[in-house]
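The structure appears right after this line, and notes come after that.
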Amino acid sequence: MSAKRPVAAVMCRHGEASQRLAVALAPGRFLRVVLQRRRRRTLAIHVHRDATVEVRVPVACPLGTVVEFVRRRRAWIMRQLEWVATYPPTRALQYTQGEHHRYIGEWVMLALRSGSPRQGQLVAGRLLLTLRGSTDPTRVKRLLEQWYRDRASEIFAERLAYWSEHPAYGGLGLPPLRLRRMSRRWGSCSSRGVITLNTGLVKRRLELIDYVVVHELCHLRVFDHSARFYALLDKVLPDWRRRHRALAHL
């Protein structure tokens with residue numbers, strides 16, 4: 001009789017909705033994952049750029065089901081881990097003259113100057129930041145983040161207005177929009193019909209911004225990730241899978 005493969009599970013701080021698990025894949029070989037229990041119906045695995053393996057499951061999903069799901073997806077997880085290992089190390093931003101930053105999928109070069117008024121302007125592929133007084137990196141970062149937020153507010157509102165009129169939504173109307181800096185999500189939709197988008201999304205290509213907007217608009221009609229949700233997503237944005245993969249690999 002073969003012994004059961006062990007599974008070690010350690011709960012995080014009390015009150016958190018996550019667990020850290022060590023899933024045994026073979027004798028003496030474990031895969032560490034972060035388990036997130038959420039209001040959803042399906043199980044999903046996300047491998048992040050920092051090599052964190054995140055498993056998202058329904059709130060009441062049994063631990064044994066989670067473990068078997070991870071084991072079945074073992075080959076895919078290993079391929080993803082090998083892929084992220086090829087990423088170049090992330091260099092800390094310095095917010096100095098000539099540094100490159102992303103905007104709508106393109107690289108723009110910072111051009112700094114002292115003057116008035118305090119503002120940011122795109123000029124021939126350069127992002128010209130004008131600051132009153134010194135161009136200290138802390139002050140540059142603050143102005144740059146404000147500039148990103150302002151552009152995100154304009155672009156996201158425009159794309160939301162455009163896609164909300166798609167006939168597949170059946171007269172949805174324009175939902176309220178909020179902006180937030182988020183580390184793990186590009187967007188979300190609340191039960192009250194409020195769409196929240198990550199301000200960092202403004203650094204991505206317009207087609208990827210559209211994908212996130214359409215995804216969240218679909219949730220206003222189908223709140224979960226059921227077959228009905230994906231059928232609606234297919235109708236509005238037939239190539240959403242390609243866009244999803246592109247966004248996941250950034």
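The structure displayed is predicted, hence computed values, not measured ones.
T196 is listed as a side-chain neighbour of M182, based on a closest heavy-atom distance under 4.5 Å. Between L21 and L63 there is a side-chain heavy-atom pair separated by less than 4.5 Å. A heavy-atom distance below 4.5 Å is not found between the side chains of V222 and L233. Counting heavy atoms from C-beta on, the side chains of I195 and F156 never come closer than 4.5 Å.
With sequence neighbours excluded, the residues satisfying ring pair (Phe, Tyr, Trp, His ring centres under 6.0 Å) with Y211 are H215, H244. Contacts of E216 classified as salt bridge (Lys or Arg N to Asp or Glu O under 4.0 Å), with partners at least two apart in sequence or in another chain: none. Scanning for salt bridge (Lys or Arg N to Asp or Glu O under 4.0 Å) contacts around D224 gives R41, with sequence neighbours left out. Evaluation of the salt bridge (Lys or Arg N to Asp or Glu O under 4.0 Å) rule for R242 yields E207, D239 as partners, not counting sequence neighbours. The salt bridge (Lys or Arg N to Asp or Glu O under 4.0 Å) test applied to D234 returns R241, not counting sequence neighbours.
Within 6.0 Å of atom CZ in R180, 12 or fewer heavy atoms from other residues, nucleotides or ligands are found, so the atom counts as exposed in its surroundings.
The six-membered or imidazole ring of W240 lies near that of Y230, with a centre-to-centre distance under 6.0 Å.
Counting only residues at least two apart or on different chains, the salt bridge (charged side-chain N to carboxylate O under 4.0 Å, His left out) pairs with a member in residues 154-172 are R151-E154, R159-D210.
R56 places no side-chain N or O within donor-acceptor distance of the main-chain N or O of Q36, the cut-off being under 3.5 Å. Within the 3.5 Å criterion, the main-chain N or O of L112 finds a donor-acceptor partner in the side chain of Q97.
The pair E82-R79 does not meet the salt-bridge criterion, since no charged nitrogen lies less than 4.0 angstrom from a carboxylate oxygen.
The distance from the CG atom of L127 to the CH2 atom of W147 is 5.0 Å, given to the nearest 0.5 Å.
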